[in-house]
There are 2 protein chains.
Amino acid sequence: MESLRVTVDIVIFTLRDGILQVLLVKRGVPPFEGQFAIPGGFIRQDESLEDAALRELYEETGVRNVFLEQLYTFGDPKRDPRGRVVTVAYYALIASDKLSLVAGAEAAEAQWSLANEPPPLAFDHKSILEFALERLRNKLEYTTVGFQLVPEKFTLGELQAVYEAILGRQLDKRNFRRKIALLGILKPLREWRHTGRKPAQLFRFASARFEKLKDKGILFPF
Amino acid sequence: MESLRVTVDIVIFTLRDGILQVLLVKRGVPPFEGQFAIPGGFIRQDESLEDAALRELYEETGVRNVFLEQLYTFGDPKRDPRGRVVTVAYYALIASDKLSLVAGAEAAEAQWSLANEPPPLAFDHKSILEFALERLRNKLEYTTVGFQLVPEKFTLGELQAVYEAILGRQLDKRNFRRKIALLGILKPLREWRHTGRKPAQLFRFASARFEKLKDKGILFPF
DNA sequence: CCAAAAGTGTTAGGAGTACACCCATGG
DNA sequence: CCATGGGTGTACTCCTAACACTTTTGG
């Protein structure tokens, strides 16, 4: 029976300062020494693909319980010059307020980069990142994935900034708010964020309704 | 380094008599002996995942140049009782007029079944089939995959039947025709299909415009 | 002449988009 | 007092969905 080496790679996104960022690690050994790569690792004999991805994600970022979805499996025989490696790619979304722990054990060489203008990447990781960005942009329009990138308490302006950062264009404030309101999943809080201007009301997601919409599409064209 | 056995499985759909059908093979050996399974096989060291899927598809059906798209990778450690096998699932769409050659070398034990009411399936193949059906239904609504299931020359009624069979509901004839017409990819022929009632005009796709619309999924040249 | 599928337009309602002004605050 | 982002409503357009009758043929 043929056996192949199989890895999981995880494209980890977050949004900071209104910019979509991706976690990359610097390679310390050839090939592509010194270049950046998408974090990943081999799958163990006894763990599922998703467990492997979760483990890798935890090792790199110290977070659990975030959005994680299988992206695509890349298996060109020449994608790794050392020999054949098939990789099952995942992507994850982490809200900025869960990110304090970025100094995990393996995180020494990890750093956040601009998702839309990444540095040169090892292997076929440029393709993988582009694939992830494409999926993210598409899913943004017909699912609620975008909500994963916002802190637990957030303003409508912050939520809109998520959409604008990923879609790469500006959205109309009034239309955006009307559509979000129509979903009926926001719970207004009696708290306001004071940022030096007019205070903005904070919201959180009403989890019961949120679960219903999760991943299934109440539609979202912007 | 950990190595895993990796297969490709292909969910092969066609539409016959207005019913969506899926190609299944009867297992001749344990486990699940005598039960049906989705066709598949191991990936060779030197072939890409897609090449493996194409090879498998050709061995089972004798067809090439049909729609083929990666579906999802299934890797639960317990999905195969004999030991760990990861499978990269693909799905393919074959128009009925390409299907004359179903008697391929390995096709002895292959047969078409109702996609929506399949017999009991081996391994986790029920999940894989359901995943494929879900993908197909979703893509039907925002891509041109449905066009892959219709013969080279077809009537508007036949095209509509494809959509109705996959979506599992009836569509309004006038609205359907208007939408298709808006795409501007149909080339009316000076031929009519005579089926015992009022003859229906035949169409084919205008390939130039069709290419423009083709989904990012891999659409092989006609 | 009858059964069965082909073919053809109009209308009403909902969703999407474009658009401008006042407000509250911190500095 | 002013710069900055917060917050709000309306009007037009376009897409979608609902809906019924005539035509053509083979039997």
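Just so we're clear, the structure is a prediction, and the values are computed from it rather than from any experiment. In what follows, chains are A, B, ... by sequence order, proteins preceding strands, each numbered from 1. Just the heavy atoms: all of them, side chains too, but no hydrogens, waters or symmetry mates, feed the values below.
Remark: C1' of D:dT16 and CZ of B:Phe176 are 15 Å apart, rounded to the nearest angstrom. Rounded to an integer number of Å, the gap from A:Lys173 NZ to C:dC21 P is 14 Å. Taking atom CH2 of residue A:Trp192 and atom C1' of nucleotide D:dT4, one finds them 20 Å apart after rounding to whole Å. D:dG5 atom C1' lies 12 Å from atom CD of A:Glu158, rounded to whole Å. Distance B:Arg177 CZ to C:dT10 P: 17 Å, rounded to the nearest Å. The CG-C1' distance, from A:Leu156 to D:dT8, rounds to 12 Å in whole Å. Separating the CZ atom of B:Arg193 from the C1' atom of C:dA4 is a distance of 17 Å, rounded to the nearest angstrom. If you take CD of A:Gln170 and P of C:dC19, they are 14 Å apart, rounded to a whole angstrom.
Using a cutoff of 4.0 Å between basic side-chain nitrogens and carboxylate oxygens, B:Lys98 and B:Glu152 are not scored as salt-bridged. In summary, A:Glu164 and A:Arg169 do not engage in a salt bridge, as defined by a charged side-chain N under 4.0 Å from a carboxylate O.
Shown are A:Phe154, A:Phe203, A:Phe67, A:Phe205; of these, the ring-ring contact (aromatic ring centres under 6.0 Å, His included) with A:Phe147 is made only by A:Phe205.
Residues A:Asp172 and A:His194 both approach DNA chain C. Their nearest nucleotides, taken by heavy-atom distance, put A:Asp172 toward the 5′ side.
Residues A:Thr7 and A:Thr87 bring a donor and an acceptor atom of their side chains to less than 3.5 Å of each other. In the model, B:Thr14 has no side-chain atom that pairs as donor or acceptor with a side-chain atom of B:Ser96 under 3.5 Å.
Among the nucleotides C:dG7, D:dA17, C:dT17, the one closest to any side-chain atom of A:Lys179 is C:dT17.
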Please list each protein N or O that sits under 3.5 Å from an N or O in nucleotides 10-12 of chain D, with the distance.
| unit_1 | atom_1 | unit_2 | atom_2 | d |
| --- | --- | --- | --- | --- |
| D:dT10 | O4 | A:Arg178 | NH2 | 2.8 |

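A cation-pi arrangement is absent between A:Arg27 and A:Phe32, since the terminal nitrogen or guanidinium carbon is not both under 6.0 Å from the aromatic centre and inside a 45° cone about the axis.
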### Task
Go through A:Glu59 and A:Arg55 one step at a time and tell me if the salt bridge (charged side-chain N to carboxylate O under 4.0 Å, His left out) criterion holds.
CA-CA 6 Å; A:Glu59 288 172 359; A:Arg55 174 174 56 76; 3.5 Å; yes
Listing, residues 173-180 of chain B side-chain donor-acceptor contacts under 3.5 Å, not counting sequence neighbours, or none:
| unit_1 | atom_1 | unit_2 | atom_2 | d |
| --- | --- | --- | --- | --- |
| B:Asn175 | OD1 | B:Arg178 | NH1 | 3.2 |

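Scored by the side chain to side chain donor-acceptor pair (under 3.5 Å) test, B:Gln35 finds no partners at all (sequence neighbours excluded). Annotation: salt bridge (Lys or Arg N to Asp or Glu O under 4.0 Å) contacts of B:Asp124 (sequence neighbours excluded): B:Arg79.
A close approach under 4.0 Å does not occur between any side-chain nitrogen or oxygen of B:Arg174 and OP1 or OP2 of D:dA18.
Each end of the helix from C:dC1-D:dG27 to C:dG27-D:dC1 gets its own axis, taken as the rotation carrying the C1' atoms of four end pairs onto the next four within a five-pair window, and the two axes meet at 10° to the nearest 10 degrees.
By the 30° and 60° cut-offs, the orientation of the rings of B:Tyr91 relative to B:Phe13 is perpendicular.
DNA chain D is contacted by A:Arg197, A:Lys198, A:Pro199, A:Ala200, A:Gln201 of residues 195-202 of chain A, taking any non-hydrogen atom closer than 4.0 Å.
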